[in-house]
Amino acid sequence: MSSVERLREVLDRMALAAGNAGRRPEDVRLVAVSKLHGPEAVEALFQAGHRAFGENYIQEALTKMDALPGEIEWHFIGHLQTNKARMAAGRFALIHSLDSIKLARSLQKKAAELGLTQDVLVQVNLAGEVQKGGISEAELPELAEFLAGAPGLRWRGLMLMPPFFDDPERVRPYFSRLRELAARLSKDFGLPLPELSMGMTGDFEAAVAEGATLIRVGTRIFGERKQ
């Protein structure tokens with residue numbers, strides 16, 4: 001099966017999951033995670049009509065941007081070091097992994113220099129896993145308050161990388177908590193926070209059922225990554 005066929009299979013499963021949850025399929029978007037796959041792999045899906053691609057590493061992403069059509073909508077989904085924030089601001093349609101005020105300030109400064117507004121999501125570490133990025137739920141209100149008044153940054157919602165379980169149903173409570181957290185923050189700060197980036201190759205259907213608007217799938221579409 002080709003990557004284009006696998007892409008269509010994922011889109012079909014997303015649409016079915018949305019329908020089963022009483023949602024419109026068009027309200028859930030797929031970000032095809034292309035990290036460690038070459039520009040030709042992205043080009044094949046682009047030619048098939050897909051537009052949103054996710055990258056984890058700044059330099060790899062910038063190299064692909066230079067090699068591929070400008071109509072591609074790039075998402076940054078990996079850990080973003082503060083010293084590389086200047087390279088990311090203005091280059092991505094959405095940065096999913098904002099997780100500290102320090103990083104927010106760096107992105108804001110570069111966005112101001114460029115005279116643009118950078119859309120961001122806050123990555124939340126609901127399980128407290130030390131090996132994963134994301135701000136803790138306890139520290140989130142301080143970052144939220146900063147973002148609510150930060151010119152140059154437009155806060156669009158939350159992102160989650162939950163613990164890994166073989167059974168997607170065990171992940172669902174984390175998806176549900178993120179949705180509830182976004183609703184509470186939206187109310188507290190008077191901001192629309194419409195985006196929930198959650199759900200990957202092994203659990204995206206459960207994420208759709210719990211309100212995900214952005215699904216990040218790589219291996220199921222592109223195959224195993226080159227190391």
Please check: side-chain N/O of His50 versus main-chain N/O of Ala52, any donor-acceptor pairing under 3.5 Å?
yes
Classify the angle between the aromatic ring planes of Phe222 and His37 as parallel (below 30°), tilted (30 to 60°) or perpendicular (above 60°).
parallel
For the side chain of Arg91 and the backbone of Leu62, is there at least one donor-acceptor N/O pair under 3.5 Å apart?
no
Do any N or O atoms from the side chain of Glu195 and from the backbone of Arg156 form a donor-acceptor pair under 3.5 angstrom?
no
Trp155 and Phe189 aromatic ring geometry - parallel, tilted or perpendicular at 30°/60° bounds
perpendicular
Taking atom types as modelled, find out whether Glu60 and Thr63 have a side-chain donor-acceptor pair closer than 3.5 angstrom.
no
Acceptor/donor pairs from residues 178-187 side chains to any protein atom, 3.5 angstrom cut, sequence neighbours excluded:
residue: Arg179; atom: NE; partner: Glu210; partner atom: O; Å: 2.7
residue: Arg179; atom: NH2; partner: Ser176; partner atom: OG; Å: 3.3
residue: Arg179; atom: NH2; partner: Glu210; partner atom: OE1; Å: 2.7
residue: Glu180; atom: OE2; partner: Ser176; partner atom: OG; Å: 3.4
residue: Ser186; atom: OG; partner: Leu191; partner atom: O; Å: 2.4

With no hydrogens and no angle check, do the side chains of His79 and Gln81 hold a donor and an acceptor under 3.5 Å apart?
no
Side chain Arg23, main chain Ala212, donor-acceptor under 3.5 Å
yes
Looking only at atom types and distance, does a side-chain atom of Arg154 sit under 3.5 Å from a main-chain N or O of Asp119, one as donor and one as acceptor?
no
Do the side chain of Thr201 and the main chain of Val217 share a donor and acceptor less than 3.5 angstrom apart?
no
Donor-acceptor contact below 3.5 Å, side chain Asp203 vs main chain Ala206:
no
Across all chains, not counting sequence neighbours, the side chain to side chain contact (heavy atoms under 4.5 Å, CB included) partners of Glu26 are Arg24
Is it true that Glu9 and Arg6 have a side-chain N and a carboxylate O under 4.0 angstrom from each other?
no
Do Ser106 and Arg86 pair up side chain to side chain, a donor and an acceptor below 3.5 Å, judged on atom types alone?
no
Under 3.5 Å, is there a donor-acceptor pair between the side chain of Glu43 and the main chain of Pro69?
no
In the structure I gave you, are the side-chain heavy atoms of Lys110 and Glu113 within less than 4.5 Å of one another anywhere?
yes
Among Val120, Leu103, Asp99, Asn56, whose side-chain contact (heavy atoms from CB on, under 4.5 Å) with Leu80 holds?
Leu103
Pair Ser34-Glu55, side-chain donor/acceptor within less than 3.5 Å:
yes
